[in-house]
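Contents: one structure, followed by commentary.
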Amino acid sequence: MHKLLLDQPGKEMLVLGNEAIARGAVEAGVACATTYPGTPSSELSLAFFQMSKESDLYFEYSTNEKVALEVAAAAANAGIRSMCVMKHVGVNVAADALMTLAYIGVKAGMVLLTADDPFMFSSQNEQDNRYYGKMAGLCVLEPSSLPEAKAMATYAFELSEKLGEPVILRTTTRINHSTGAITLGELVKPNIKGSFTKDPFNLVAIPAVSRRLHTRLLQRLTEAEKITDQSDYNYVQGGGAWGIVCNGVSYNYVCDALNDLGVTDKVSILRIGFSNPMPVAKVTEFLKGKEKILVAEEGEPFMEEAVRSMAQEVGCTIPIKGKGPELFSREGEFDPAGVRKAIAGFFGVDLAPAAVLDLSDVPEIPARPPNLCAGCTHRAVFYEVKKAAENMEIMHPTDIGCYTLGVLPPLSSADFLICMGSSISTGCGFSKFIDQKVVTYIGDSTFFHSGVPGLINAVHNNHNVTMVILDNGTTAMTGHQPNPGVDRDAMGQEGYNRISIENVVKGLGVESVTVIKPYKVQKSVDAIKEALAYQGVSVIIAQELCPLYAKALKRPVKKPFRIDMEKCKDHRLCVDALGCPAMYVENNKVAINAEQCIGCAVCAQVCPEHAIVPIRD
Amino acid sequence: MGTATLTKDPYNLIITGVGGQGNVLASRVLGNLLSDKGFSITIGETFGASQRGGSVMSHMRISAGESWSPQIPKGQADMVVALEPIEALRVLHTYGHPGVKVISNTRSIYPVGVISGDSKYPSMDELQKTIEGLTEQAWFINATDAAMELGNPIFGNIMMVGALAKTGVLPIDRDGFEKVMLRTMGEKKTPVNLKAFDMGAEMIN
């Protein structure tokens, strides 16, 4: 049985933050969960996916976040408790639905989990999604610990039903990806049978209806203002005349710092866990008798501005600071030592200098950026496109996925990127106005997510662009989730229909469609040359399983390769053109690490001396 | 809670390596083992893009009292377990202090810049001397080669756990390890992991 389905109330368990949230939702009786995978939320969806196989939970990997939110919204409007999971930027995709869903509301509890990523460990921006709560008029909950993440995941459903509105549960990477102990609570039997009563003049968002629904949303927000002021998730700790307002993971850094500095008795903390709407009465009460207030929050000055405005309202003029040169940055994530320094500086506490290492004699440490894996199919395609375009000037709008790593030399195959799906649409724009040939890259999952409308645009407006679809048969970057093009029978999952990318592309009217097998270098180069020469929209579909995924599927293993030193003339084309992590230079000679080599044979085809050969037993 | 005590509270442990080396599993095993002994454990991890051959790091805070935040403050690691030697040095740079200890695997994995010849990877000799100079105590073990004897370099992570146990800096014992293995890996996979644990322990003098 899945560990998160254990019916053992009181049992302690060490889990990942994402698993704590999944358990909290299960304890609330969640019956529908939808997602588009995105780090740092991916393991939460994985937990739901696994549990759905052994319980009544309905789970789906939806095509994109907007679709996921709409599926969950429908479930919640049919009386089914639903949860929709995504990373912070996914909410941008879902925002169109979210803003008006707030008007329509829900019948059963619905929770939107947004996993924000301060410092951008694996994201293209570090936007602060608390503002979505403000913009949509929805409640936002933010846990500081794993037990609280679990508790909030349960409570969010109750709150949602109380207000008739979806609730946003906002986490950051340090909550999603931290591990700690939780205590299991009672399981409830989920309601899995939905029903729908027709009520178009409350459920169809036409102007006349929406005007009324907007009024209702604002009334619900007023109700939420009362609840947030009563909420135990907004609490005061300690009793000193110095005040710190903090939220989420920052709360932990603040507590650690106060302990380290020995000033716990001098400081009162107002921990905000219910951050939209902010608790006006609690904040104004907290301001009373304080000398000064520091607001410790990662990201934007969301609470800081609210606290300052509440202070202004009651004529409180004490210093209220948060973001600033000597205090906290709007960039990146907090470093606990930095939080300690900011607190010490703001309140004038002596900070004992730490004993530091003398690093003067330390050799330079080579950077280790993430790299495409040994034998990655994308590397082969990047090489082949370059080879095919040797006499052309090309530029590459790219997209979100492992292949974004092609930005690094020696592949250098990414020139422009905004967000999911932007490769082909920006390719349309570039191709209209620049001289270079535009060749765009997109993965299979991203193609389904938001690449299709861009391709339709390219075809309809007759842009001169080549779209390379890197179809490695999985959603690799986030941990091998399925997508609509994946062969789910191979994953041992029945009841799904597989959508052929080739048929989609042809169905959209693309006349030049080429399918290549990227491990066959010369054949691929020739085919790509033709596609590049085509005037108009051409699509190249590169089909080969992600090597990591192939390994997980237990596909046959190929023999690793070695360098035949008698033949090697040290051109180094293999190393210089491919940058495969299985290769290295030792004693000025190229060598292959047999533990890493997966036998894709791409380097062997690149070598002009045929000096790279399989290892024979 | 048992009679086990910590030499420092919270004890700050960093496990570092290269994406794919089994960092996360090692931290999970240690976390479960120490949690079984009644300690409050918080592990902070960042996975995602870094899985693709980038540097990875798990921060573990072990306390007999309440849970600590999921990030070790800069300059405050007590022990660094490195599955790759240059990663030990990288972590020491940011999280080291004169009292820090290190256990490092000696098998290098070259970053892409080194492979292409754009940057230099120091010799193992130089690395070892540098790390010894920066730490209170340092152990170097060839866990990868030993793991290859067991048929897969991935066992290197469990060898490092065994090595860590042998240093005695934390209350980690073989029985506790076995218990966690049986619970999380099942009976079939436990013996080989126990073997890896023992081999790791044997490499610490």
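Sequence lines set the chain letters: A, B, ... in the order given, protein chains first and strands last, and positions in each chain run from 1.
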So for [X], is it side chain, backbone, both, or neither that comes closer than 4.5 Å to the heavy atoms of chain A?
X	result
E126(B)	side chain
I72(B)	backbone
H93(B)	both
S67(B)	neither
E66(B)	neither
K129(B)	neither

With a 4.5 angstrom heavy-atom cut-off, is it the side chain or the backbone of [X] that approaches chain B, or both, or neither?
X	answer
R340(A)	side chain
C402(A)	side chain
A354(A)	neither
L408(A)	neither
V356(A)	backbone
P366(A)	both

Do [X] and [Y] meet the criterion of a side-chain donor-acceptor pair at a distance under 3.5 Å?
X	Y	answer
N247(A)	R271(A)	no
T172(A)	D116(A)	no
S360(A)	D358(A)	yes
S123(A)	K87(A)	yes
Y251(A)	Q237(A)	yes
H88(A)	E126(A)	no

Partner chain A: residue of P98(B), P122(B), S119(B), S27(B) with the largest heavy-atom pair count (under 4.5 Å)
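Highest number of heavy-atom pairs under 4.5 Å: P98(B).
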Heavy atoms only, distances under 4.5 angstrom: which of T42(B), V112(B), L89(B), L92(B) has the most pairs with chain A? Name it, please.
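The residue among T42(B), V112(B), L89(B), L92(B) with the greatest pair count is L89(B).
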Does [X] reach the side chain of [Y], with side-chain heavy atoms less than 4.5 Å apart?
X	Y	result
I86(B)	Y110(B)	no
L170(B)	Y11(B)	yes
F197(B)	M159(B)	no

Do K3(A) and E19(A) sit within salt-bridge range, that is, some charged N less than 4.0 Å from a carboxylate O?
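Yes, this pair counts.
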Tell me whether E45(B) is salt-bridged to R28(B), with the criterion being a basic N under 4.0 Å from an acidic carboxylate O.
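Looking at E45(B) and R28(B), the cut-off is met.
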Identify which of [options] forms the greatest number of heavy-atom pairs closer than 4.5 Å to chain B.
options	answer
D117(A), N252(A), L578(A), D256(A)	D256(A)
G579(A), C255(A), P369(A)	P369(A)
G17(A), P40(A), A337(A)	A337(A)
N593(A), V249(A), L357(A), N176(A)	L357(A)
D335(A), V575(A), L16(A), L372(A)	D335(A)
D361(A), V585(A), T179(A)	T179(A)

Under the criterion side-chain contact (heavy atoms from CB on, under 4.5 Å), I'd like the reasoning laid out for F155(B) against M199(B): C-alpha separation, chi angles, the key distance, then a yes or no.
CA-CA 10 Å; F155(B) 290 116; M199(B) 287 168 77; over 6 Å; no
How are the rings of F334(A) and Y253(A) set relative to one another: parallel (under 30°), tilted (30 to 60°) or perpendicular (over 60°)?
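Answer is tilted, since the angle falls between 30° and 60°.
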Using the rule given for side-chain contact (heavy atoms from CB on, under 4.5 Å), can you reason through E178(B) versus N193(B), listing the C-alpha separation, both sets of side-chain angles and the distance that settles it, and then say yes or no?
CA-CA 9 Å; E178(B) 184 172 12; N193(B) 281 292; over 6 Å; no
Residues of residues 132-148 of chain B within contact distance of chain A, non-hydrogen under 4.5 Å
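Result: L134(B), T144(B), M148(B).
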Does the ring center of H177(A) lie less than 6.0 Å from the ring center of F121(A)?
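Between F121(A) and H177(A), which both carry aromatic rings, the centre distance is not below 6.0 Å.
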How far does CD1 of I43(B) sit from CG of L14(A), to the nearest 0.5 angstrom?
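Atom-to-atom, I43(B):CD1 and L14(A):CG are 5.5 Å apart.
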